[in-house]
Structure formats: C-alpha cells, structure tokens
Amino acid sequence: YKLSPPWVSGFAQALIGTAFSCGADSTGNPSYSDAAVETFSALLVSTASGGVTTFGSDTVWFEEAAREDFPSIKILNGHLTAMEGLKKKV
C-alpha cells in the first residue's frame with residue numbers, strides 16, 4: 001500500500017476499546033468504561049479530520065491504517081475488527 005508511518009488505526013482503536021470494556025466488565029471500575037467510550041468515540045472521526053473512518057454517500061468504513069493525506073485502502077481485517085469491537089460495546 002506504500003503507506004509509511006505515522007498513521008492511525010481503526011483496528012487498534014477497536015482492540016483498545018474492547019480491552020477497556022473487558023476491564024470495566026471484570027472489575028466494575030467505571031473509569032474503564034469511560035475510557036472505552038472515549039476510545040470508541042474516535043471511530044466517529046473521519047479520515048479527512050485525522051480519524052480512522054471513511055464516510056461515503058451510503059457507507060462507513062473503519063480503516064486499519066489511515067492518514068489525512070492518503071486515500072482509503074479499505075483493509076477488510078481492520079474494518080471487521082472495528083465492527084466486532086463496536087458490537088461488543090453496544
């Protein structure tokens with residue numbers, strides 16, 4: 001893909017958000033839940049604004065690797081991992 005670092009990752013955001021969610025579930029500590037919400041909120045930011053999500057006219061794609069100055073490369077693994085993390089959170 002020829003995308004050189006640095007980049008942001010929906011894949012990583014989802015994994016971290018899921019870890020915080022699991023921490024909240026297992027400990028009951030609300031700070032983990034707050035961190036999970038904040039982490040998953042990053043999935044609402046478009047790649048054009050430095051986030052990890054490409055918004056189309058009728059689609060949303062969570063990018064595994066994204067940067068403002070690079071076109072969407074739509075890696076399925078990253079998108080599915082983000083979707084699975086959201087499913088566990090919601």
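For reference, positions follow the sequence shown, starting with 1.
Evaluation of the side-chain hydrogen bond (donor to acceptor under 3.5 Å, both in side chains) rule for Thr18 yields no partner, not counting sequence neighbours. With sequence neighbours excluded, the residues satisfying side chain to side chain contact (heavy atoms under 4.5 Å, CB included) with Thr53 are Leu43, Phe55, Val60, Phe62. Residues forming a side chain to side chain contact (heavy atoms under 4.5 Å, CB included) with Asp25 (at least two apart in sequence, or on another chain): none. A search for side chain to side chain contact (heavy atoms under 4.5 Å, CB included) contacts involving Ala12 returns Ser9, not counting sequence neighbours.
From Thr39, atom OG1 reaches atom CG of Leu15 across 11.0 Å, with rounding to the nearest 0.5 Å. Atom OG1 of residue Thr59 and atom NE2 of residue His79 lie 9.0 Å apart, to the nearest 0.5 angstrom.
Minimum heavy-atom separation, Gly85 to Phe40: O-CZ, 3.4 Å. Between Gly78 and Phe11, the shortest heavy-atom contact is CA-CD1, 3.8 Å. Across every non-hydrogen atom of Ala24 and Ser33, the tightest pair is CB-N, 3.5 Å. Annotation for Thr47 and Ala66: closest pair CG2-CB, 3.7 Å, computed over non-hydrogen atoms.
Proximity of a side-chain donor or acceptor of Ser21 to a complementary backbone N or O of Gly17 within less than 3.5 Å is detected. A donor-acceptor contact shorter than 3.5 Å links the side chain of Thr27 to the backbone of Asn29.
Among residues at least two apart or in separate chains, salt bridge (charged side-chain N to carboxylate O under 4.0 Å, His left out) pairs with a member in residues 64-83 are Arg67-Asp69.
Residues Glu63 and Ile75 are not in side-chain contact: their nearest non-hydrogen atoms beyond the backbone lie 4.5 Å or more apart. Contact check for Leu76 versus Trp61: side-chain heavy atoms found under the 4.5 Å cut-off. Within the 4.5 Å cutoff, no side-chain heavy atoms of Cys22 are placed close to those of Tyr32.
Taken together through direct or relayed side-chain contacts under 4.5 Å among Ile, Leu, Val, Met, Phe, Trp and Tyr, Ile16 and Met83 form parts of separate hydrophobic clusters.
In the hydrophobic clustering, Leu44 connects to no other residue, as no ILVMFWY side-chain heavy atoms lie under 4.5 Å from its own.
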